[in-house]
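Report on the following structure.
These numbers were taken from a predicted model, which means no experiment stands behind them. For ligands, and for the atoms within them, numbers begin at 1 and follow the listed sequence.
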Amino acid sequence: MADETENAIDALLQETRWFPPSDEFRAKANVSNDAVYETARNDREGYWAGWAEQLDWQTKWDKVLEWEPPYAKWFVGGKLNASHNCLDRHLATKPGKLAIVWEGEPGDVRSYTYGELHAEVSRFANALKKLGVTLGDRVAIYMPLVPEAIVAMLACARIGAAHSVVFGGFSSEALRDRIQDAGAKVLITATSGYRRGNLVPLKKLADAAVVECPTIEHVVVVMRRAAADEADDTVTVNARDRWYHELISRESADCEPVWVDSEQMLYTLYTSGTTGKPKGIIHTTGGYLTGCYATTKWVFDLKDDDVYWCTADIGWVTGHSYVVYGPLANGATVFIYEGAPDWPKQDRFWQLVEKHKVTIFYTAPTAIRAFMKWGESLPKSHDLSSLRLLGSVGEPINPEAWMWYHRNIGGERCPIVDTWWQTETGAIMITPLPGIVATKPGSATKPFPGIEAKILNQQGQPVEVGGGYLAITEPWPSMLRGIWGDPERYEKQYWAKWPGIYFTGDGARVDADGYFWLLGRVDDVMNVAGHRIGTMEVESALVDHPAIAEAAVVGIKHEIKGTAIAAFVIVKSSAIDAAKSNLAAFEQELKQHVSDKIGAIARPEKILLTVDLPKTRSGKIMRRLLRDIAEGRALGDVTTLADPTVVASLKERYEEES
Ligand code: WT7
């Protein structure tokens with residue numbers, strides 16, 4: 001982790017401003033008594049059981065927790081259904097309340113009441129059953145952010161099938177790998193989705209993936225088209241394909257939910273790690289839903305009349321927990337938007353907040369930094385007075401961005417919850433409770449009640465004040481239950497550093513007030529615009545190019561994305577002349593290659609040609625040196641790594657320094 005970041009934080013701690021909750025906010029907050037921390041600590045299991053009791057269970061559990069490190073079972077013996085908890089149980093009290101309000105990028109608006117959403121999910125669940133999907137099957141979902149994507153997730157949950165959502169920005173190959181790994185039986189996709197005015201041809205990409213996926217028996221296709229666009233008519237329809245609208249038109253709106261065991265897998269979601277192969281994180285039903293329900297209620301202070309907008313795509317865990325399961329389990333009105341924040345203009349988000357009277361807004365620091373760059377006149381030109389709470393997630397939020405968000409979006413009246421968590425943790429772990437905790441710009445503050453987070457040193461001893469590794473020392477309900485098909489990797493990745501203690505992969509500091517300051521990953525995982533990408537994944541994509549012999553990838557500082565990707569490549573001697581004859585075109589080709597292999601989020605910002613890669617004696621790539629070169633610090637007068645002696649001398653210099 002960078003010393004600079006630590007120094008910056010030290011400087012900040014000297015003069016940090018506190019933002020305590022206003023009396024007005026506290027008076028109405030869902031939780032305003034800080035005794036909750038103590039209560040939860042004294043009887044953690046009882047506290048979590050209290051949350052679980054607020055959900056509907058068909059059969060109550062016999063035991064709250066069975067913990068055989070590193071395997072946990074929560075609410076053992078209980079039976080429930082996640083779709084029932086997100087839909088049916090609200091029907092009696094609020095059948096006419098809006099569950100989803102959606103706006104497509106072209107401006108088309110659709111909404112579903114809880115009654116309507118329940119009916120649509122039930123119809124689609126019935127259709128999936130007829131396609132042969134049953135308890136324990138995996139169903140892949142590759143869709144734009146349209147209401148049907150949420151319907152698809154809940155329909156799977158309703159019949160006990162596990163969904164595996166693959167972000168619609170991922171490539172055909174990435175989709176193929178994830179389908180193959182999970183052994184999915186059905187793929188649900190759409191003809192296309194809108195992004196910056198263009199149609200992303202999802203069905204075409206899905207078709208290319210499915211060619212190599214023998215487990216897929218059917219592809220269900222949602223027709224996504226604004227009236228004026230004819231492009232969707234050109235999709236190929238294969239024998240295994242079924243139109244979503246035809247399927248549901250034939251089905252009844254009654255579908256008895258399948259009551260599943262609390263530990264039944266609800267979904268798998270792939271995320272990047274330190275190897276080239278993404279891992280399918282497994283979440284189960286009872287504990288996960290409990291964690292999402294509890295954190296949504298307290299962190300976002302969710303009320304019955306809120307219009308809640310989390311800008312994440314359902315392809316990420318934030319979309320799973322805080323677009324779908326958390327808010328719907330709470331019976332909230334969820335707003336979703338399909339497209340880009342700068343389409344047709346850079347004020348689209350503020351226009352949406354104004355038009356739909358959004359009250360809670362949850363986004364990522366990378367987006368906030370883009371808004372800053374676009375200028376404060378854009379939010380100023382819209383009425384944002386409906387907003388009452390703001391959230392941030394995905395990466396550390398720099399204090400400047402925090403202050404900008406506070407002033408220009410929050411009108412200095414909205415609390416900001418900076419929420420730290422991971423795909424693996426399932427739900428928010430470190431966060432302010434907005435009615436209780438005074439915030440400090442840049443700090444995620446304190447563990448959620450019932451979560452035991454500590455800063456540990458290498459030996460696993462707690463650091464009272466200072467820096468180290470962020471660890472979770474006690475099991476929690478929404479924790480991952482494993483990695484699909486790879487228990488060994490699960491044990492090694494998360495539990496081998498200190499037995500029985502969960503290793504997050506993040507570095508952090510804790511200050512004298514017990515506040516946590518996140519410093520970023522300590523492993524070979526990059527956080528690009530709030531999305532996790534492994535250096536190895538990008539390296540594998542690069543060496544897959546016929547001209548590349550070897551590649552090394554590092555994350556470098558980026559004004560908007562936080563981190564961008566820099567790739568050092570050794571070009572094969574057979575290809576070097578061609579590459580050099582048109583360097584710019586060659587670099588473009590490599591960038592595009594990575595985009596095609598993984599997706600646009602993995603596209604390198606910089607390509608640097610080299611004849612050698614600096615490695616330590618034990619063969620580890622010297623990433624700090626590479627970062628210094630890519631950020632323009634190491635080379636001095638020399639501007640090229642094409643001379644082999646340059647790398648050797650740099651390497652020597654760096655070895656002396658460290
Ligand atoms: C990694 C998890 C959890 C939803 C989105 C990302 C970083 C996440 C914060 C935050 C500092 C954060 C961490 C973490 N991260 N939230 N509020 N402050 N860092 O999920 O892809 O599983 O990535 O994102 O490095 O380990 P993910």
For Asn527, the ligand 1 atoms whose distance to one of its heavy atoms is below 4.0 Å: 7 (C), 24 (O)

Polar atom proximity, Arg532 to ligand 1 (N or O, under 3.5 Å): yes

Sub-4.0 Å atoms of ligand 1 with respect to non-hydrogen atoms of Leu518: 11 (C)

Backbone N/O of Leu302 and side chain of Asp306: donor-acceptor pair under 3.5 Å: no

Ser321 and Tyr288: side chain donor to acceptor below 3.5 Å: yes

Exam field: side chain Glu395 to backbone Thr366, donor-acceptor pair closer than 3.5 Å: yes

Trp421: numbered ligand 1 atoms lying under 4.0 Å from its heavy atoms: 2 (C), 3 (C), 4 (C), 8 (C), 14 (C), 16 (N)

Element-labelled atoms of ligand 1 that are located less than 4.0 Å from some non-hydrogen atom of Val393: 4 (C)

Within-cut-off N or O pair, Thr271 and ligand 1, under 3.5 Å: no

Ligand-side contact atoms (ligand 1) for residue partner Thr419, heavy atom cut-off under 4.0 Å: 9 (C), 10 (C), 16 (N), 17 (N)

Any donor-acceptor N or O pair under 3.5 Å, side chains Thr419, Tyr362: yes

Gly530 N/O to ligand 1 N/O under 3.5 Å: no

Proximity winner for atom 9 (C) of ligand 1, if only heavy atoms of His320, Met526, Glu395 are counted: Glu395

Pro396 to ligand 1, any heavy atom closer than 4.0 Å: yes

From Val522, Thr318, Thr423 - option closest to atom 22 (O) of ligand 1 by heavy atom: Thr423

His531 side-chain N/O to Trp316 backbone N/O, donor-acceptor pair under 3.5 Å: no

Stepwise ring-ring contact (aromatic ring centres under 6.0 Å, His included) test for His320 and Tyr267: CA-CA 9 Å; His320 284 61; Tyr267 68 79; 4.5 Å; yes

Heavy-atom nearest option to atom 15 (N) of ligand 1, drawn from Gly394, Pro365, Ala427: Gly394

Aromatic contact, Trp498 with Phe503 (centres under 6.0 Å): yes

side-chain contact (heavy atoms from CB on, under 4.5 Å) partner of Phe335, chosen from Phe361, Trp102, Trp309: Trp309

N or O pair under 3.5 Å between Gln422 and ligand 1: yes

N or O contact, Asp506 vs ligand 1, cut-off under 3.5 Å: yes

Check: Tyr490/Trp495 side-chain N/O donor and acceptor closer than 3.5 Å: yes

